Asks: 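Structure incoming, see below.
Remember, predicted model here, so these are calculated numbers, not experimental data. Just follow the structure's listing: the first ligand is 1, and inside any ligand the first atom is 1.
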Amino acid sequence: MGKVLVIGCGGVAQVAIQKCAQNDAVFDEICIASRTVSKCDDLKKKIEAEGKSRSKITTAKVNADSVDEVIALIKSVKPDVVLNLALPYQDLTIMDACLACGVHYVDSANYEPEDTEDPTWRAIYEKRCKEQGFTAYFDYSWQWAYQKKFQDAGITAILGTGFDPGVTSVFTAYALKHYFDQIDTIDILDCNGGDHGYPFATNFNPEINLREVSANGSYWENGHWVETKPMEIKREYNFEQVGIKDMYLLHHEEIESLAKNIPGVKRIRFFMTFGQSYLTHMKCLENVGMLRTDPVMFEGKEIVPIQFLKALLPDPASLGPRTVGKTNIGCIYTGTKDGKKRAIKIYNVCDHQECYKEVGSQAISYTTGVPAMIGTMMVMTGQWKGAGVFNVEEFDPDPYMEALNKWGLPWVVDENPVMVD
Ligand code: NDP
């Protein structure tokens, strides 16, 4: 059917690319590109050695910080869709290149600048903090600002097709379509009950992960943001197939888009589980300055502490063989249907070792990589189409929900869920 160019070959991309190769009726050709082309070559060899896919796979070297390099790559590969699974830092350059070439764009995380001390970015950020009331470094304003440009170019940008954001947002569209006339509250619960045996490691890119969890929390209530201190709000929840875990309220990007796209929603919260050891390590690293994102001088050379820390921590892609246990990610909704109050939970449970057996990765990469493939398939097949910049909850959820069941992330609707107080 078509050709995808995947930018990035890290933990998430490795799953998404293998899933594209499994789905060879849709993805005839896959080009894998990142700065380290040897990683892309290794994945190509692995897929070809398995001999199960008819997709033609090619690789290329690109630095996606350069719009010109991405344009040159798109011109030579001629993809139908670009799937951006590099880092949030590259979102805007890749969107610019897609615009220049008239090619559809898909990603899994919203824009965040690499250098948060950059004065031009900082001035806009500080204005947004005051106007909007949340201080996270990432937000949708940068990418939503491309709406008119994508409309005028007649191409589609799909933002945030991972699990959260991504599947959680599609679950919400599905709940609204089939279970509610009005959704009042949404609690998104992200539980990783996996154990990798290391004293400290992150399940996806450490820099992005640590930035996210060390920041202030926030939630949406009655039309505005309420901001909390990091890890200030803690709850205990008994997760199906995982058990009782502590979870903490975080700011998360889908709260922003769901607040905009789900009419009349009164409250949206996001909780993620963390063990005490993870939190103690993180606090200690923060206290000694290792989570700093601005450059510091060391022996005559500039280094960014959080990037140095990333080099020391285990590569998330290497956690696959060691991680046992399950993830349980889903959403609890309350609202009304036909004048009656109701509550439901939609969730997926994913087993780390099952993922490893299938694609050689742990469940965090799997639960992000599968939806990245599915979102790209929605665009490639024309099941989701439109000119402009969209979040996933703006489209018909049914074909995506069906694809989740088919491609490894089956979901459950619980009509009598345990609630979060
Ligand atoms: P990794 O750090 O494992 O991989 C990032 C990849 O991007 C690497 O292959 C890297 O390769 C490549 N890359 C980085 N900079 C550039 C550049 N300038 N040009 C080209 N390629 C580049 O990250 P993950 O796989 O863990 O995460 C990928 C994305 O998925 C991130 O944006 C993350 O935020 C998002 N994510 C989304 C989730 C969701 O549920 N929505 C959950 C988890 C992650 P190289 O250095 O060789 O260029």
Asks: Looking only at protein heavy atoms, which one is nearest to atom 47 (O) of ligand 1, and what is the separation?
Replies: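 Protein heavy atom at minimum distance: Thr36 OG1, 2.4 Å.
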
Asks: Considering all heavy atoms of both residues, which atom of Tyr366 and which atom of Trp407 are nearest to each other, and what is their separation?
Replies: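 Looks like OH-O, 3.6 Å.
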
Asks: Find the distance between OH (Tyr111) and CD (Glu253) and round it off to the nearest 0.5 Å.
Replies: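 One finds 14.0 Å between OH of Tyr111 and CD of Glu253.
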
Asks: Could you check atom 15 (N) of ligand 1 against the protein and tell me its nearest heavy-atom contact, residue, atom and distance included?
Replies: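 Answer, as residue, atom name and distance: Arg35 NH2, 3.2 Å.
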
Asks: Out of Gly10, Ser38, Ala372, Ala33, who is nearest to atom 6 (C) of ligand 1 when you count heavy atoms only?
Replies: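 Looking at heavy atoms only, Gly10 sits closest to atom 6 (C) of ligand 1.
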
Asks: Taking the non-hydrogen atoms of Ser108, is any one of them nearer than 4.0 angstrom to ligand 1?
Replies: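 The answer is yes, since Ser108 has a heavy atom less than 4.0 Å from ligand 1.
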
Asks: Below 3.5 angstrom, do we get any N/O pair linking Ile364 and ligand 1?
Replies: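 Not met; the criterion fails.
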
Asks: For atom 42 (C) of ligand 1, which protein heavy atom lies nearest, and how many Å away is it?
Replies: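 Atom 42 (C) of ligand 1 sits closest to the protein heavy atom Thr368 OG1, 3.2 Å.
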
Asks: Closer than 4.0 angstrom: is that true for some heavy atom of Pro88 and an atom of ligand 1?
Replies: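 Under 4.0 Å: yes for Pro88.
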
Asks: Which of the numbered atoms in ligand 1 are under 4.0 angstrom from any heavy atom belonging to Ala64?
Replies: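 Per the distance check, 17 (C), 18 (N), 19 (N), 20 (C).
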
Asks: Check if Lys39 has a non-hydrogen atom at a distance under 4.0 Å from any atom of ligand 1.
Replies: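 Judged by the 4.0 Å heavy-atom criterion, Lys39 does not count as contacting ligand 1.
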
Asks: Which is closest to atom 7 (O) of ligand 1 in terms of heavy atoms, Cys9, Ala86, Pro316, Pro371?
Replies: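 Looking at heavy atoms only, Ala86 sits closest to atom 7 (O) of ligand 1.
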
Asks: Is it true that the side chains of Glu393 and Thr172 contain a donor and an acceptor less than 3.5 Å apart?
Replies: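 No, no side-chain donor-acceptor contact under 3.5 Å.
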
Asks: With a 4.0 Å cut-off on heavy atoms, is Pro165 in contact with ligand 1?
Replies: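 So Pro165 counts as touching ligand 1.
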
Asks: Within the structure, does at least one protein heavy atom fall under 4.0 Å of atom 29 (C) of ligand 1?
Replies: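 Under the 4.0 Å cut-off, atom 29 (C) of ligand 1 does have protein heavy-atom neighbours.
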
Asks: Quick one, Glu48 with Lys45, criterion salt bridge (Lys or Arg N to Asp or Glu O under 4.0 Å). Give me CA distance, side-chain angles, the key distance, then yes/no.
Replies: CA-CA 5 Å; Glu48 287 175 348; Lys45 276 187 212 135; over 6 Å; no

Asks: Restricting to non-hydrogen atoms, name the atom on Leu99 and the atom on Phe150 that form the minimum distance, rounded to 0.1 Å.
Replies: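 Distance-wise, the nearest heavy atoms are CG-CE1, 3.5 Å.
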
Asks: With distance as the sole test, does Tyr125 use its side chain to make a donor-acceptor pair with the main-chain N or O of Thr135 at under 3.5 Å?
Replies: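 Confirmed, Tyr125 side chain pairs with Thr135 backbone.
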
Asks: I need the nearest protein heavy-atom contact for atom 18 (N) of ligand 1: residue, atom name and distance, please.
Replies: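 Result for atom 18 (N) of ligand 1: Asn63 OD1, 3.0 Å.
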
Asks: For ligand 1, note which part of Asp65 has a heavy atom under 4.0 Å away: side chain, backbone, both or neither.
Replies: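 It is both backbone and side chain that touch ligand 1.
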
Asks: Considering only protein heavy atoms, which is closest to atom 24 (P) of ligand 1, and at what distance to one decimal place?
Replies: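 I find the closest protein heavy atom is Val12 CG2, 3.8 Å.
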
Asks: Quick one: are the ring centres of Trp384 and Phe390 less than 6.0 Å apart?
Replies: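 Between Trp384 and Phe390, the centre distance exceeds or equals 6.0 Å.
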
Asks: Could you tell me whether Tyr278 and Phe200 have their ring centroids closer than 6.0 angstrom?
Replies: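 Yes, they do, as the ring centres are separated by less than 6.0 Å.
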
Asks: Flag Ala109 as yes when one of its N or O atoms lies below 3.5 Å from any N or O atom of ligand 1, and as no otherwise.
Replies: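 In fact, backbone or side chain, Ala109 has no N or O that close.
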
Asks: What is the closest protein heavy atom to atom 20 (C) of ligand 1, and at what distance does it sit?
Replies: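 Looking at atom 20 (C) of ligand 1, the protein heavy atom closest to it is Val62 O, 3.4 Å.
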
Asks: Between Ile188 and Cys331, what is the shortest heavy-atom contact and its length?
Replies: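 Residues Ile188 and Cys331, closest heavy atoms: CG1-SG, 4.0 Å.
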
Asks: If you measure every N or O of Phe163 against every N or O of ligand 1, does any of those distances drop under 3.5 Å?
Replies: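 So ligand 1 has an N or O lying under 3.5 Å from an N or O of Phe163.
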
Asks: Starting from atom 23 (O) of ligand 1, what is the nearest protein heavy atom, named by residue and atom, and what distance separates them?
Replies: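 Its nearest protein heavy-atom neighbour is Asn205 CB, 3.6 Å.
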
Asks: Looking only at protein heavy atoms, identify the closest one to atom 3 (O) of ligand 1 and say how far it is in Å.
Replies: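 Going atom by atom, the protein heavy atom closest to atom 3 (O) of ligand 1 ends up being Gly11 N, 3.2 Å.
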
Asks: Give the atoms of ligand 1, by number and element, whose distance to some non-hydrogen atom of Ile208 is under 4.0 Å.
Replies: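 Near Ile208, meaning under 4.0 Å from one of its heavy atoms, ligand 1 has 34 (O).
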
Asks: Just jot down the ligand 1 atoms closer than 4.0 angstrom to any heavy atom of Gly162, in number order.
Replies: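 In order of numbering, the contacting atoms are 39 (C), 40 (O), 41 (N).
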
Asks: Work out which heavy atom in Pro230 is nearest to a heavy atom in Ser214; give both atom names and the distance.
Replies: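 Closest approach of Pro230 to Ser214: CG-O, 3.6 Å.
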
Asks: Can you confirm whether the side chains of Gln22 and Glu358 place a donor and an acceptor under 3.5 Å from each other?
Replies: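 On atom types as modelled, these side chains qualify, holding a pair under 3.5 Å.
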
Asks: Are Phe163 and Asn348 close enough that some pair of their side-chain heavy atoms sits under 4.5 Å apart?
Replies: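 In short, these two side chains touch, coming nearer than 4.5 Å.
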
Asks: What is the minimum heavy-atom distance between Asn110 and Asp91, and which atoms define it?
Replies: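 Result for this residue pair: C-OD2, 3.2 Å.
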
